[in-house]
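Beneath this line is the structure, given in structure tokens, with notes to follow.
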Amino acid sequence: MLIMSKHLRTDEVYVLKIGGSVLTEKGKERKARKSAIKRISEAIALALAHSSRKNLILVHGAGSYGHPQAKVYLESGEVKDALITHESAKELNRMVISSLMEFGPRAMPIHPLSGVVSKGPEIKYKIKEQIELALKAGIIPVLHGDVILDEKEGFRILSGDQLVVYAAKELKASKVGVGTDVDGVLNDNGAVIRRITPPEADKMSIKGSEHVDVTGGMKEKVYLLARLASQHNIPSILFNASKESNVYKFLTDDENLFGTVISV
Ligand code: IPE
């Protein structure tokens, strides 16, 4: 394990997203997978301790703490339902942060509702300095899928994947990892596609999620990550974060990490 830390540079920024399907039971409502939260926090703590990596931005999805609630909001348009979505996403965020802190790393929340707005087709992020200062202070900023204010609609949903792309771009990440509960992007025969280039991503047809998913599932992920690769030359890997040691492998640059690489 320690042998790999030789290759690591300390100033690089890594962005890691853990999907709501890993941290929660997505078919239910407000049901966390406590053991997964614990296992992933421990893997992050170990990877940071075993390497000299300092700059990690963590993003998590909302899973059953966001999708069912957001669906209610999208149907009702009521402010109270938007706030229920926000509060429950925050609840999951608190669990993730407490768990990380229990294993050692210092972490803090950055809630998109308080720092991101949507104006017309544009999303305006006002959280760059917070992320930067947190990293400088040796704290892991932990962002999450959330509701944000929208100029016309009242609120709209901002996915963890959109935050990943934003953070990677703004903080000039060298690597992005997106952990879900599947091994990567699957082809029609159910086999993992090991690499996707942006032109290939444009031509692909990808199946949607079987659960309530208000943010587009795997298809949207591939689209967003392909643009991150083509426009900013930042590679990403989609891997299974429900599998033991994959998060550790991602953070320590283990070449055996199995998944789908999206790169130019
Ligand atoms: C969803 O964020 C945000 C809300 C529904 C409020 P994500 O789209 O990143 O969540 P997961 O990873 O699919 O659960």
Side-chain angles (χ1 to χ4, degrees), residues 15-33 36-37 40 57-96 109-118 123 125 127 141-150 153-168 176-182 184-185 206-225 228 236 238-242 246-247 259:
V15 179
L16 170 64
K17 184 201 172 191
I18 306 292
S21 56
V22 179
L23 304 175
T24 76
E25 288 186 40
K26 234 176 156 175
K28 307 233 169 93
E29 222 176 291
R30 289 179 59 242
K31 187 109 182 67
R33 290 190 207 273
I37 297 177
I40 286 164
I57 300 169
L58 185 65
V59 180
H60 64 80
S64 67
Y65 286 75
H67 288 276
Q69 298 80 356
K71 189 167 180 270
V72 171
Y73 166 70
L74 293 173
E75 277 158 15
S76 75
E78 295 285 344
V79 174
K80 83 168 171 29
D81 292 328
L83 295 185
I84 288 173
T85 310
H86 172 65
E87 285 305 325
S88 88
K90 264 187 5 192
E91 199 180 322
L92 179 63
N93 183 258
R94 264 195 300 278
M95 286 186 239
V96 171
I110 295 182
H111 303 301
L113 176 61
S114 317
V116 187
V117 291
S118 151
I123 296 178
Y125 296 86
I127 51 177
V142 187
L143 292 76
H144 57 89
D146 201 353
V147 286
I148 55 168
L149 276 166
D150 178 87
E153 312 273 334
F155 293 90
R156 61 171 283 182
I157 315 300
L158 181 74
S159 72
D161 302 325
Q162 287 170 290
L163 286 160
V164 163
V165 171
Y166 160 77
V176 166
V178 175
T180 67
D181 64 347
V182 286
V185 182
I206 297 161
K207 272 192 258 123
S209 163
E210 58 192 87
H211 301 301
V212 177
D213 194 318
V214 295
T215 51
M218 191 58 94
K219 196 172 174 174
E220 182 67 9
K221 275 187 220 318
V222 172
Y223 171 74
L224 289 171
L225 295 174
L228 188 63
S236 57
L238 280 150
F239 63 90
N240 193 335
S242 299
N246 275 352
V247 166

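Remember, it's 1-based here, ligands and their atoms both numbered in the order they're listed. For the numbers below, each heavy atom of this structure counts, side chains included, while hydrogens, waters and symmetry mates do not. Residue numbers count from 1 along this sequence.
- Around atom NZ of K90, more than 12 heavy atoms belonging to other residues, nucleotides or ligands sit under 6.0 Å away.
- Remark: Y223 OH is loosely packed, at most 12 non-hydrogen atoms of other residues, nucleotides or ligands lying under 6.0 Å away.
- Scanning both residues, N93 and H60, for their nearest heavy atoms gives ND2-NE2, 3.1 Å.
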Can you produce the list of protein nitrogen or oxygen atoms under 3.5 Å from a nitrogen or oxygen of ligand 1, alongside each distance?
residue: ligand 1; atom: 8 (O); partner: T215; partner atom: OG1; Å: 2.5
residue: ligand 1; atom: 9 (O); partner: K17; partner atom: NZ; Å: 2.9
residue: ligand 1; atom: 9 (O); partner: G160; partner atom: N; Å: 2.7
residue: ligand 1; atom: 10 (O); partner: A62; partner atom: N; Å: 3.1
residue: ligand 1; atom: 10 (O); partner: H67; partner atom: NE2; Å: 3.2
residue: ligand 1; atom: 12 (O); partner: K17; partner atom: NZ; Å: 2.9
residue: ligand 1; atom: 12 (O); partner: G20; partner atom: N; Å: 2.9
residue: ligand 1; atom: 13 (O); partner: K26; partner atom: NZ; Å: 3.0
residue: ligand 1; atom: 13 (O); partner: H67; partner atom: NE2; Å: 2.9
residue: ligand 1; atom: 14 (O); partner: G20; partner atom: N; Å: 3.3
residue: ligand 1; atom: 14 (O); partner: A62; partner atom: N; Å: 3.3
residue: ligand 1; atom: 14 (O); partner: G63; partner atom: N; Å: 2.7
residue: ligand 1; atom: 14 (O); partner: H67; partner atom: NE2; Å: 3.3

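- S76 and D81 share a donor-acceptor pair across their side chains, judged by distance under 3.5 Å alone.
- Every residue was checked against the side chain to side chain donor-acceptor pair (under 3.5 Å) condition with K31, not counting sequence neighbours, and none meets it.
- Ring geometry, H111 versus H86: the interplanar angle exceeds 60°, so the pair is classed perpendicular (tilted spans 30 to 60°).
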